[in-house]
Amino acid sequence: MSLGSSFEPMGRLVGNMSGIGEVSFKNEKEIPAEVAELAYSCSQCGYCVSECDQYYGRGWESQSPRGKWFFIKEYLAGREKLDQRQTNTFLGCTTCQMCDSRCELDMPIEHAWMTMRDKLIGEEKKMTFPPFEIMLQAS
């Protein structure tokens with residue numbers, strides 16, 4: 001057993017360099033590649049759920065980071081639609097970054113939601129909340 005343990009670091013290095021299991025993501029269906037990669041990287045542990053202001057305020061797990069990651073995977077698989085209701089879920093993030101501090105994988109969750117906002121509103125021209133739309137028309 002001790003002989004195997006001494007070769008383990010070298011075996012790990014060779015295994016990591018082999019590229020086996022490496023997946024590259026691309027922009028697909030309005031979801032940026034970096035966000036899709038994070039959605040599939042999330043371990044769905046749920047530590048972020050109780051830290052999320054949106055979950056705390058509404059009590060719906062779909063509002064939490066874990067729920068949003070799950071939605072993205074379902075959307076990419078063709079089982080969900082990205083409608084205004086779901087767009088509002090991405091817009092509802094308060095950007096408090098509590099999910100980032102609680103994530104066991106140190107994923108940049110808040111950055112992913114900001115990327116989604118930019119994609120949905122800036123590029124896809126999806127609507128925001130009515131008060132934001134009124135302010136935009138007034139400027």
Tell me the closest heavy-atom pair linking [X] and [Y], and the distance in Å.
X	Y	answer
Val35	Ala112	CG2-O, 3.8 Å
Pro32	Met116	CD-SD, 3.7 Å
Arg117	Leu91	NH2-O, 2.8 Å
Ala39	Ile72	CB-CG2, 3.8 Å

Measure the [atom1]-[atom2] distance between [X] and [Y] for me, rounded to the nearest 0.5 Å.
X	Y	atom1	atom2	value
Cys48	Ile109	SG	CD1	5.0 Å
Asp53	Ser64	CG	OG	12.0 Å
Ile31	Thr115	CD1	OG1	11.0 Å
Glu34	Asn27	CD	CG	8.5 Å
Gln54	Cys93	CD	SG	7.0 Å
His111	Leu38	NE2	CG	8.5 Å

Task: Results of side chain to side chain donor-acceptor pair (under 3.5 Å) for Gln63 - residues two or more places apart only - done: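 Partners of Gln63 by the side chain to side chain donor-acceptor pair (under 3.5 Å) criterion, ordered by chain and then number, come out as Arg58, Thr89.
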Task: side chain to side chain donor-acceptor pair (under 3.5 Å) against Glu80, all qualifying residues, sequence neighbours excluded - done: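 Checked Glu80 against side chain to side chain donor-acceptor pair (under 3.5 Å); zero matches.
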Given 3.5 Å as the limit, does a donor-acceptor pair link the side chain of [X] with the main chain of [Y], or not?
X	Y	answer
Asp100	Pro108	no
Glu61	Gly67	no
Arg66	Tyr47	no

TODO: Look at atom OH of Tyr56 and say whether more than 12 heavy atoms of other residues, nucleotides or ligands are closer to it than 6.0 Å.
DONE: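 It does not: Tyr56 OH has 12 such atoms or fewer within range.
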TODO: Could you tell me whether Phe70 atom CZ has more than 12 heavy atoms of other residues or ligands within 6.0 Å of it?
DONE: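 Counting neighbours around CZ of Phe70, 12 or fewer heavy atoms of other residues, nucleotides or ligands fall under 6.0 Å, so no.
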- [ ] Could you point out which residue of Lys68, Lys81, Arg79 forms a salt bridge (charged side-chain N to carboxylate O under 4.0 Å, His left out) with Glu74?
- [x]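 Passing option: Arg79.
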Is the closest side-chain heavy-atom distance between [X] and [Y] below 4.5 Å?
X	Y	result
Gln44	Lys73	yes
Leu76	Phe25	no
Cys52	Met98	no
Met114	Asp118	no
Cys42	Met107	yes

- [ ] Please write out which residues are connected to Val49 in a hydrophobic cluster, directly or through intermediates, given that two of Ile, Leu, Val, Met, Phe, Trp, Tyr count as joined at side-chain heavy-atom separations below 4.5 angstrom.
- [x]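 Tyr55, listed by chain and number.
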TODO: Determine, for Lys119 against Glu30, whether the closest basic-nitrogen to carboxylate-oxygen distance falls under 4.0 angstrom.
DONE: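 No, this pair does not count.
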Open item on the list: Taking the six-membered ring of Tyr75 as reference, does the cationic atom of Lys29 (NZ for Lys, CZ for Arg) lie under 6.0 Å from its centre and within 45° of its axis?
Closed with: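 Checked: cation-pi criterion met.
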- [ ] Could you check whether the rings of Trp69 and Trp113 sit parallel, tilted or perpendicular, using 30° and 60° as the cut-offs?
- [x]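 Ring orientation, 0 to 90° scale: tilted.
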